[in-house]
Structures are given as C-alpha cells and as structure tokens.
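A short write-up of the structure that comes next.
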Amino acid sequence: MLLFLFEQLLNGVQFGLMLFLLSAGLTLVFGIMNMINLAHGSLYMIGAYLIATLTLTTGSFLFGLVAGVALTAAIGILLEMSLLRRLYDKDHLTQVLVTFGIILIANQAVQEIWGAQPIMISTPDLLSSSVPLIGDFEYPGFRLFIIAVGLLIAGLLALLIKKTRVGMWIRAGASDREMACAMGANINLVFSLVFGLGAALCAIAGGLLGPLLSINVGMGESILILAFVVVVIGGIGSVQGALAGALLVGMVDALGRTMIPMVLRGFLEQGLADSLASTLSAVSIYLLMALVLYWKPQGLFSR
Amino acid sequence: MKSRSLVLWGIILLLLLALPAIAQAFGGNFYVGFATRVLILVLAASSLRLLIGELGLVSFGHAAFFGTGAFVVAILSKELTAPVGLLPGTDSAWIAWPMAVLVSALLAVVIGMVSLRTKGPYFIMITLAFAQMTFYLFESLKMYGGDEGINIAHRSRVGFGLDLGDNVTFYYVVLAVVALGHLFFHFVVGSPLGRVMKGIKENEIRMQALGYRTYWYKLMVFAIAGAAAGLSGALLANQNSYASPNLFSWLQSGHLLIMVILGGAVSFWGGAVGAIAFCLLEEVLPHLTKYWQIAMGVFVILVVMRVPEGLTGLRFRFRLPKGGSVTPVVKLTTSEVKNG
Amino acid sequence: MAEQVLSVKGLVKRFGGLVATDYVDFDIDDNQIHALIGPNGAGKTTFVSQLAGGLHPDDGSISFYGSDITRLSMADRAHMGLVRSYQITSIFRNLTVYENLAISVQSRLKSTFNFFGKSAADRLREEVAAVALRIELADELDTLACHLSYGQQRQLEIGLALALNPRLLLLDEPMAGLSPDQVPWFVDFIKSLKGKDLSILLIEHDMDAVFKLSDRISVLVSGKRIFSGTPDEVKNSAEVKRAYLGD
Amino acid sequence: MSLLKLTSVEAGYGASQVLFGIDFQINEGEVVTLLGRNGMGKSTTIKTICGLLKPRRGSVRFNGAEVAGMATERISRMGIGLVPEGRRIFPNLTVYENLVAFARPGKWTLEHAYKLFPVLEKRKDNMGFQLSGGEQQMLAIARALLTNARLLLIDEATEGLAPLIRQEIWRCLHEVKKEGQSILVIDKYVQNLIDLADRHYFIENGRIGWTGSSEQLSEQPEIWERYLGV
Amino acid sequence: ADPVKIGFIGSLTGPLSTLSTDMKDGFNLALKHKGGKFGGADTVIVYGDDQANPDTGKQVYERLAKSENVDIITGMAFTNVMLAVAPAAFKDKIFFVNSNAGPKELAGASCNYYYFNPTWHTSALSEAAGRFANQKGYKRMFVVAPNYQAGREHVDGFDKEYTGEIAGRAYNKIGQLDFSVEIGQIRAANPDAVFFALWGPMAINFVKQFNQAGLNKKIDLVTAGFAVDADILPALGDAAVGIYNTSQWSPDFTNPVNKKFVEDFEKEYKRPASIYASQGYEVGLLLDAAIRDSKGKHKDNKVLHDALMAAKYDSVRGYFKFASNQNPTQHVYLRQVVKNDKGQLTNKTVSTTPVHADKSDPYVGECKIAAQ
Ligand SMILES: Nc1ncnc2c1ncn2[C@@H]1O[C@H](COP(=O)(O)OP(=O)(O)OP(=O)(O)O)[C@@H](O)[C@H]1O
Ligand SMILES: Nc1ncnc2c1ncn2[C@@H]1O[C@H](COP(=O)(O)OP(=O)(O)OP(=O)(O)O)[C@@H](O)[C@H]1O
Ligand SMILES: [Mg+2]
Ligand SMILES: [Mg+2]
C-alpha cells in the first residue's frame, strides 16, 4: 500500500515535470515578455512532428531530437520576427486573437503535410527498459529520464533568468522596453532569442512526450490549458513558480485520481462512486487553481 | 447627423424585420434559423463585451453562463416527463427563461465572488477554471444527459397564440428579446453606473479612493453579464431543441471572446458586429476553400493587425483624421504599478 | 484647543525587516494645513497610505473625528470625508473632465443607482460645474483628461478629491513636476482650499511652498516623527536641519 | 569638435509636432542646460537625442556620427547615458540588478555608486517597485552613471528629492563635471544650474529662444522672467 | 429516376477527424464502385463538418435538411452528435443511416422508423470481449474506460458477459493524456488481463504508457476492435502487437466484397482500410441496394424504408441483417494485432468461429416502431 502511494506520488512528480517542460517556455514568454502566446501549443505539436519524422528517417532519436529542437527554435524565431514582435505592446486580447489565428493555420498545415492520422516516435532503446528502484518496484526508465531533464531545465532556466545579465535584460525589457533599449540592451534580439528558447523548450517537450503520448493534430490544445493552469498557479513569469505549480498540479491530479475513488467507494454505491470520483478528479486541478488564486490572487510565487 | 443616424437605424430595423420574408424568397427556411442563431450569439457576445469593454474584465469563462441558461431550459423541459428533481418541470417561457436568467446570475455571483479577487491574466484563467468545472460537472451528470446532452421535445411556450416551434415566429421573439437586451445594455452604459464602470476600468484604486467599493460594482456587472449570457443560452437551447455540455467548453468561451475582439471591445456594437462577422465566416469560408481554417486564421490575424480597434473601428477610419487614435482596450499588466 | 480631526496612536508598518512607520503618534487640528516632511524613504507615503486605507497598519490606531477607522476600507473612509490625492497623477485619462468630476460627485451624492430622477441628473451637473469652477477647469469640461496640460492634470487630480467634499485632504506632493512659474499659483490655490471644515495634510519637498502654506509641520525620519512645530520652529531646529533641510 | 550637435531637429508625437527646428551643441567636457516651462519640448529633445523618438527632419550628430534614425540601443552604446523623466527604474529588478544589468566598465563602479547613495546599498535586495519616490530617483542617477557614458542626459533628476539629497546631487554633479564628464541637464532650480553649467539654452514652443553662458544669464534676470515666468 | 441527395455529416477537421475521414473515404469508394450512382439514380453528396461538437452538428444538419433538402443523412462518428441530430431528422422525416456505433437509446425506447444502423451497436464489441475473456480463462480483469456515456455502455457490455472477477475499474476523463495513475492501479491489482474501451489518442496514450511501464510482459490487453484498428496502429507501433480485440469486421475476411474493398481502398487512398472505412463502405452498399430496390420511388418514405429494411446485398462482413429495431444482427469475431509479411501492423482474425454469432443488441425488446 505504501509502495503504491509512493508510486502514485512519483507518477504525480513525473506528470508534473512533463507539464513543466511545456510551462517553462510558456512562463518565459507569457510572464517575462508579458505576451499571451496560444501558439505555444502549436510549437509543441510542430516540434513533436518534426522530431518524430527526423527520428523515423534517420533512425536516431538523438539526432532527431537535436535537429528537431533546432528547427522548431528557428521556426519560433521566424514567427517572432515576422509577426509576434509587433504584439508586445498590444493588449492581451489582441495577442490571444492573433495567436489563436496561428493555431488554426498550424493545425491545418500540419494536417496537410503529415495527414490526419496520428504518428509515432518510439522510445529510444537505451531508455525503454524499466529501472528497479526499491526492492522489486520498477519504474519506466524513460519516465525517470523525463524527471531528470525537467529538473535540469528548471535549474538552467532559473540560472539564466536570475543570475545572468541577459536574464536581467529580459526582465528589464519586459517591464519597460523603451528604457531597456535606452540603456543599451538590444531588446529586439534578446526577445527573439527568448522566443526561440521558448520554442526549443516546446520541442523538447514534444520530443520527450512523443514516446508517451499520441502525436496528432491538435495535440497542443489539449495540453495548453494545463500548461496555463500551471503557469498561473505558480505566478506568471516565475520559473520556480512554474516548477512548483507543475509539481502541485501533477501531484493533485495523480493523488486525486488515486484517492478519490478509493474514498468514495468506501461509502457510496459502486456506479455512483465511480462516476462521481472521476468527475471530482477531473475538476481537481481546476479546483486547485481556484483555491490557490483565492488564497494568493497572484499565484504562489508572486512578487 | 442625428437624423442621418435615425435613418440608418430605421433601415437596419426594417431589414431585421423583413429578413424572414427575404430569406424565404431566396429559398430557405434555413437562413431564418441561421439568422436566429446569429442574433442569439449577438446577445451573448454583447454581454461579454459589456464586461471587457466597459469594465476591463476579460472573462474566459463566459460559456459557463451561456451553458447554464441552456441547461436550465432543457432540465425544466426534461423534468416535465420525468420529475426527479426538486422542481416540477415546465415548458413555459415565462417561467423557464427567467429561471435561466436567475440561475446564471446566481452562478455568476458565486464565480465572481472568488474570481474578482484576482486581476488581469489571473482573472482570465480563474474564470476559465470555473467554466471547466461546470463543463466537467455537466458532462458527467448522467441524470442530466451527461456528455450526450438533453433533447428538448418542443420549444418553450409563450402563450398569446404564438407557436415558437414555427421558425419565423421564434425569430421575431428572439429579435425582440435581443433588442430589449441591447436597450438595457445601452441604458446601463449611459447611466451613472456606466460612468462608474469606465472609471473602474481605467483606474480601480483611484475609484476606491473616491469612495467606491469597486468589488461589489464589478460583481454586479459580472452578474448582469452572466444573466444576459444565460438568457442567450436559454434561447439557443430553444433554437437547437437541444443542450449539450459542449456549450460549457473553453472553445465556446474562446469563440465569444474572439467575436468581441473581432468586433471591437470598446465600441457598443462591437460584440454584435463581431458575432455576425464570426458566424458568417464560419458559414461561408468552408464553402469557399478546403483550407478554410487557414483562411480563417489569416483573416483573424489581418483584422487584428490592420484594424486593432476591431471591425467597428473601421467606421472611424473614415471620420478621424490620420493619426487620430481610438483608446485601446485595457492593457493588463502583470506587475501592479506602485501608486503614489 | 481646536477640535481634533485626526488622531493617530502608535502606528506601525513593517516591510520585512524594514520598519517604515515606527510607532508614530500624530494629530491634526481643525482648519489647519499640516505639513509632513522628511528625507526620501522616511515613510511619508507609507504613512499617508495607511491613513487613506490603501495599506493596513501592523499596529496602532487611527481615529477620525473621534471614531476609530483603523479597519475601515478606503471607500468607507472616503465617504467619511478622509480623501487622498496621489503623488503620481492618477486621473481617468480617457474620460472627459466632466466625467472625471462626475464620478467623484456621484460618489458623494450616492446617486449611482438613481437612474431615472431628473433632479438627480441636474444636481450632478450643478455640483460638477461648481467643482470645476473651484479648480479653474470650468472651460475644459469636455476635454479628455489626457489632453490637459500637466498643470491642469494636477488641478484635476486635486479636483477629484475635492469633489467629495472632504473634511481632511491628504495631498502627496501635489506640486511635483510643476514648472517654477506654476508653483505660486498652486500655492495660492491650496491655500484657498483651507477653510471651513477642511484640513489638509501636505507632503511636499518644495520647502518654500511648505513654509508658505503650513500652520504646523511634522518631520518624519526613518519612520519616526522626530519633530513637530510651527514653521519658524522647524526652520530653526538644528535637528531638522541635520536630517532634512541641510543649509 | 562638438560631442553632440543638433541641427534643425523637428520631432513630435503622432499628429502633433513638438520640436520645430532645434539647434544646439555640447562640447566635450561641457555641462549644458535646457530650460523652459512645462510642455515646451525639453524632454522631447532628450528623447530625440537618444533615439526613443525618431526626428522627422534635421540631423543629430554624436561624436561625429549621424545618429538620427539609428536604433536606440546602438546610440546608447556609443556612449549616451540617460536619467529619464519619471525615473523609469525597472520595477521587477532588484536595486542591485538595476545597477549592474547595464553597467559598462569605466570610472564608475558599484562601490562608487553605493558611496554616493548609501541608501541604495541598504536596499540592494529590494525590488525596484518597493523603493520610495526619492530612492527611485537616486537609483536612476546611479544607473546612468554606471554606464560610464561620454554624455549624460539628466532630465529632472532632483524631482521629488529632499533638500539635503538635492544638495548632495548638485555636489556630485560638480564632482563629475570636474572629472571632465559632458552633461546635458534639465532642472527647475535655475540658481543651482547657473552654478554648475557652462552654457544654457532656453526652449520655447519647440524652438531655442535664448542661449548664453552662466555669467550672461545671471546678469540678465529678465531672461528668467521671459522664459520661466519667475 | 429522381436524383438522390445524401447529406454526409462528419467530424472532418480537427484532432478527431480520422474516424469520419475514413468513413467518408469508404463511402466514396462504394459510390465509385457503383459508377457514381447509387441504385442507378443520379447521386449528389453534400458534406458538412460537425467538428465533433453536437451543437455544430445540429447547425450543419439544419443546413443540409432545410437548405440542401437532402433525402438521407449519414456519416456521424460520435454518439453525442447523433443524439443531437436524430430527433430533428425524425421530425423532418429524413432517413438517418448511422455509419458508426449506435447508442442504446436509438436501439431501444427511442428507436425510430427513420433510423437505420447497419454497422454495430455500441456495447456489441465489448460484450464479445467479455465472452472472449471467459473463453480465454482470465480469472481477474481490470477495466479502463472514459467517464462518459459510451464508455460506461462499453463497461456494462463487458460486465454483462464476463463471469470472472473484476479486479478494479478506472474511469478516466475524456482526452486524458497521462495514464500513469491507472497503470499504477493495474500494477497494484495485478490482474490477468485488462479490458480497455478507449479510442483515438486516449487509446494511443494508454497502450504506449502501458508498455513503457513494462506491464505488457505480464498482463494481456483486451479491447474492442476500434481501439486498435488501422487508423491507430501506425501511431502505436510494436506496442500494439498481440493485443486481442473483438470486431464485426477484419481486413483479412476472405469474402470477395471485402477483398475488393480492402485492395481498392489501399490503392485509392494509400493507406490500409480501417474499421471505420469498412462502415462507410457498408453504408454505401446498403444505400445502393435500397435505392435500387425502390425502383425510382425512393422519394416515397415508405418505399425507401421497406427497401432499406429488406436490402439485399453482399456485406463486407459476410453475414448481416437488420433486427426488428433496425439495428444490426451479425457475428463478432476475435482478432489479434500482428505484423504482416511487409512488416506492417494489421489485425488478423484469430478464429473463423465467431465469439458471438448471430448477435443483435439487448434492447430489441424495448423498441416498438410504429408503421408510418
Ligand atoms: N511594498 C514595499 N515593500 C518593501 N519596502 C517598501 C515598500 N514600500 C515602501 N517601502 C520602503 O519603505 C520606505 C518608506 O517609503 P515611502 O514611500 O513611504 O517613503 P517617502 O517618505 O514617501 O519617500 P519619498 O519622499 O522619496 O517619496 C522606503 O525605504 C521604501 O523603500
Ligand atoms: N508621449 C507623448 N504623446 C503625445 N504627446 C506628448 C507625449 N509626450 C509629450 N507630449 C507633448 O509634447 C509636448 C512637449 O512635451 P515635453 O515632455 O517635451 O515637455 P517638457 O518641456 O519636458 O515639459 P516638462 O517640464 O513638463 O517636463 C507637451 O505638449 C506634451 O503634452
Ligand atoms: Mg513618497
Ligand atoms: Mg519634461
């Protein structure tokens, strides 16, 4: 029983870090550059498709990952330079609408290029086996890998934002772009690169989640809302916040799905308990978000 | 000037009144139904515009009220045949529609009480969260149809010998309701309350310093907008003879938002114009091209980039001298500026 | 002894380790202009925010005309007649001067929900006109606030507060940013406000203005009130010179 | 050769023109002021110099190179430091970060700045938005100094500062001047400016009205009356 | 003869479009095989996209019915869209020929003169899966299904036939991405096999993660045919090999109609035929036969109804007829996912003896169709 709970906790952590991979890029662009980018999910989709295709044609997951991430970053930068850059000083609604337009375009374009059928990346062989953790309890190696990469990226990003000059420029440019330019920072360039970084993180998420999740048109939207939830719970713009939010969401989701049915079955008739439990666990993360925002209207890691 | 706008309004009114006849002449009951649907969405979009344009509250959960209104009508009609709920069912419009308004207003009060503590993007997301909760709730409430929704046997009854089952009659009733709704909005916006709303949108802290408990004002307008969206949902349930949990989905909220921005949130008719444009696009584009989603995306982007104030802003293009600007919708900043 | 408008006892506000208001006792008498001066970061704005209700003190009490208002909201205080203006101009930039003032007046008249009364509308118009006259913006009623000159915006800023018929006006650096030629006008203007039933708490770094205007001056340093007296006493205090005025 | 030279510069916002042909120059090592009433175009001139506003006509030459139309950050990197009107410190950076993020190597170091404004060191881990108005102003000045620019543009730096600090700032500007720093100052304390600056320009309705040295200005109080109303 | 106008409402765009796209292609192939004319009548097909949203479906229906004046409606993939559209079609007296699994309402109490379902009943495959589990001798089974109407119908169908112990049930939410929790529960319950009634991306996510967790080595997977059919197999890859599933159709059926269909479909559309494609094709065959047998009187509802009911044609499934509730009576077979000689994944019929023979749905008794 204890082991079971531990496993579910680990599942929560793992799911949380999956979400973090996606939220990290989102919180960069949303929080730090103050831009709501719905097309984030599209970049995730494009990344996954590119990596899957490159992996399939070259046979090497590593090559597919690296090349796919680079390509997606390039697409992100191109998108930023051609269109999105003009949105920074617009209101959030405008950003929402334009990036929604991009979603429409991206979805249909991907469907035309790759077809409507879902496609596949298989797990790289090296990571496809399970790793014994405690006694005979095994956990999929690939999921452990995701946990590791998630934590690594969290650390690197926090360093970049907090400790480097570029990080300061990014934040300065976010709050007062004109002034940051007047102080000598090339904010245009910095923002393009940040956007590229956000896109690259999307692609990494796409590549790492690809072997676990279905790769299909519209895959971005289903996970985008979750990513926004994570970002908002954590406090917009805070990388630690995104990490904390992601872990919290992952945990609540996993434990909710585990515990609620167990508890409800204790005193309710089976059918009712099952359906009620599944409803409750479906709304659990939204409930979590509402509670967090009620308690801290600016998210957990707000300034 | 004054008389010219009167003439314009006269023409629009005449067109709206004559629409069923025109549509039937061009061979389609379908277009009457389509126009009815558009009118219903106009009401919903205008209610959201009231929140965004006048109060600066961007709600991403407006579908919650829209859906609630629809389900109130549907559930009441369902209970008619199988009374299991607390209330006896009814198919009278005089009971069902006000109930829809009331229940969605109540829901808006509850959601608003929590959501209005937050600001900007947090408000956007928390309203989305509540809408998602209602979505999952209705999707799994087997008692009320679950994900398959509720079919409504026949449209609400209004008496006076009017049969809403007839599409043309229903069109006129909807037209009347939607027109009344807009008269009400117009009245609110022009009243002292409207001025308070503008003040809150511009500078909420200052409003507090001037003696306004802004929270309650926001809550009240949120409830009004929720109620109007509920009414429009009730109409839609009638129109479709059907209510499904999809009405609560975030896509539905998103579509309403898009209508408002497309039309222009700062202008009174922004919601209406946006709803009409959006519905027309949805209806026409798939006929024109296989790649209609791309076309839609490009259109949306073009409108927003070229006419930032929305379609209603085009009107200004011909009046204002070059360089004249229209005040933009609130910019939501993540960091609260230190005041004083 | 004159009636006491405001009486503050042992007020404390901490930001983390920093004590921004450090057990301050403070009184304002009726019909007086009381100036609050002190070095930058002394806690003047913080103090005013607590009086107005924008910040909640950690300790101490505030009473206004004898009733305890420590826990009241900003809005309630405004209705009681305790009104502040802002250091950074904080008007409704996209509304006309008329609408700006009307918002304020209708708050006082509580006529926001008086939708139909013809007399209410007329009353509102009259009152707005009266305030506009007082702040010398009567000719600009239909101008958008953002199109006013800087000085006029500062006038409107005070007009918003004035329209509430305050009994105590908290002015945070009302003359900040004005060019030298506008200052004398503004000084006279503020002086003209004082009168029956209106006291003013003034924060200002322009010492000429402070000395000209105030009946009493208190000096705040590092969150503590170190001195209180008439303008002459303040001018001659060595302590104040050292901490604030220089020579 | 002059360090900065503006010739018939015209600029404005949207439909409204503010500057109608500004001519002036600053030589290496010189301190120059720009004086005028509210809304005459002082700040607009400064924005035009550092590229925040593109001039519609005329030329801005800095250090011999034409900078009109150049990207703001490039102009800044050529050696222009700005203390903007309204402080505009970065609210979401700490005091320390505000200082070091844009610092360039040179005479001015962090220690140096902390010595000038000790309160900044005390508040170094506070976020910009937590500072009091005056503290923000000090931070803005220190931030500009740390860029070690060849030309400092200072727009109303003493606004909202306590008299004691004001004196401190004047003292500091004198010191900076002694070290050969070129400065363009805008301020409302004319007497202090006369003590500090070499030359003065009066601006009225977007044009330069009067220009002359400090001696000339102190001998002609009617100029003050005419342009400043005092 | 009068021309015939058919409205095809499908989820043709968006993430859930694969089902309808397959149906549409199968349907069009049938039309092509019939020379572009069903039953010899000039045939016009009008398409509508419901975007998997019942409200949109309803709108699209209105256009097809009121503006295009179609005679027959078909194509819908999702139960909730069908249930939104069906009452309107019945009211308008337009024939609704279902091309995907039909819900129990339309088989039982709410069955209708204008409703024909030639494909399969929602719970039919799950019932067969339960029966197979008995045959196979699984003592303890775990059940995974999405928490919505059709999901629960699948579970009920399975429960009805399966006699062993249910080791646990997990209802996930629709569109769920991560199944680690359910997989943890399965690991803890340690059943002999798992029955999952997931479709589309959910099925992909579940199976991939199930294999990732290494459970495929110890625990068998059993499902209904649609969960692991040709549209999904490429995305599953080797993870799918060995999964047992039940279906009324399989690409390796040897009857000549099916052979021609499977071959031509692959040739025409460059991808293997799926169960949905077979359904679309089947609907085409049915309509062709019915219109042919109406002998030019297909505008007469009674004639068309009787012709549909009695339609004589060779089904891709070999054996098929309508039960009295106008829902199918047919065999359900056991299939298994295997790799074919070209290295592609495909389904193979395990035994030509059906798991369930000559099976109609359990709701026949509740259905009373009044003659019109
Ligand atoms: N939200 C906050 N968090 C932390 N410290 C704060 C906050 N607000 C103010 N402070 C600090 O409290 C002190 C007092 O600030 P306050 O704004 O009251 O000063 P002030 O007397 O108005 O100064 P000035 O004359 O410069 O406007 C300052 O040192 C400031 O840094
Ligand atoms: N961003 C802007 N958009 C439009 N007009 C502006 C803007 N900034 C300034 N102006 C206008 O330009 C004119 C000149 O402004 P500027 O800020 O240069 O004056 P200034 O001489 O610096 O005055 P002050 O002493 O008030 O700082 C003013 O009339 C002002 O209203
Ligand atoms: Mg202050
Ligand atoms: Mg200026």
Side-chain angles (χ1 to χ4, degrees), chain A residues 1 3-5 7-8 10-12 14-15 18-19 107-108 111 115-123 127-130 137-143 209-219 221-223 226 250 253-258 261-262 270-271 274-275 277-279 281-283, chain E residues 12-22 145-148 151-152 155-156 166 168-185 187-189 200-209 211-215 217 230-239 270-271 274:
Chain A
M1 183 63 202
L3 200 63
F4 175 65
L5 275 184
E7 180 188 351
Q8 297 300 23
L10 204 61
N11 284 332
Q14 183 273 141
F15 182 52
M18 267 162 64
L19 289 177
N107 274 351
Q108 190 149 37
Q111 179 157 355
Q117 317 286 348
I119 63 166
M120 176 196 68
I121 319 181
S122 50
T123 324
L127 297 167
S128 60
S129 55
S130 288
F137 170 61
E138 294 188 349
Y139 204 69
F142 195 69
R143 289 191 181 235
L209 302 192
L212 288 178
L213 302 181
S214 162
I215 302 178
N216 56 281
V217 175
M219 66 192 274
E221 282 90 276
S222 51
I223 204 168
L226 280 184
D253 185 62
L255 290 185
R257 281 194 279 153
T258 315
M262 289 208 297
Q270 159 96 40
D274 282 346
S275 97
S278 127
T279 308
S281 45
V283 301
Chain E
L12 297 173
T13 53
L16 302 173
S17 64
T18 52
L19 284 66
S20 290
T21 311
D22 275 359
N147 178 36
Y148 77 124
R152 284 188 292 262
V155 174
D156 291 346
I166 300 283
R169 278 193 186 82
Y171 290 93
N172 61 282
K173 73 177 174 194
I174 300 178
Q176 183 161 309
L177 299 168
D178 181 72
F179 283 88
S180 55
V181 168
E182 287 74 9
I183 287 168
Q185 290 169 346
R187 192 202 309 276
M202 277 188 293
I204 300 173
N205 293 342
F206 176 74
V207 174
K208 275 183 171 183
Q209 293 168 25
N211 275 38
Q212 275 276 325
L215 291 186
K217 285 171 232 150
D231 54 325
I232 287 183
L233 287 177
L236 276 178
D238 292 349
K270 311 282 176 289
R271 63 175 195 272
S274 69

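Residue numbers start from 1 in every chain, and the chains themselves are labelled A, B, ... in the order their sequence lines are given, proteins ahead of strands.
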Residue A:N216 versus chain E: region with a heavy atom under 4.5 Å: side chain
Tell me yes or no: between the side chains of E:Q185 and A:R257, is some donor less than 3.5 Å from an acceptor? no
Going through the checks in order, is the side chain to side chain contact (heavy atoms under 4.5 Å, CB included) test met by A:D253 and E:Q176? CA-CA 11 Å; A:D253 185 62; E:Q176 183 161 309; over 6 Å; no
Under a 3.5 Å distance rule, please check whether E:K208 uses its side chain to pair with a backbone N or O of A:L212 as donor and acceptor. no
Chain E contact via A:E221 - which portion, at a heavy-atom distance below 4.5 Å: neither
Which bit of E:L236 comes within less than 4.5 Å of chain A, counting heavy atoms only: side chain, backbone, both or neither? backbone
With a 4.5 angstrom heavy-atom cut-off, could you sort out which part of A:M219 is near chain E: side chain, backbone, both or neither? neither
Using non-hydrogen atoms only, which part of E:L12 is less than 4.5 Å away from chain A: side chain, backbone, both, or neither? backbone
Given 3.5 Å as the limit, does a donor-acceptor pair link the side chain of E:D178 with the main chain of A:F15, or not? no
Residue list, ring-ring contact (aromatic ring centres under 6.0 Å, His included) with E:Y171, at least two apart or on another chain: none
Only counting residues at least two apart or in another chain, list the ones meeting side chain to side chain contact (heavy atoms under 4.5 Å, CB included) with A:P261. A:R265, A:A277
Determine the option with the most heavy-atom pairs under 4.5 angstrom with chain E, choosing from A:P118, A:G218, A:A116. A:P118
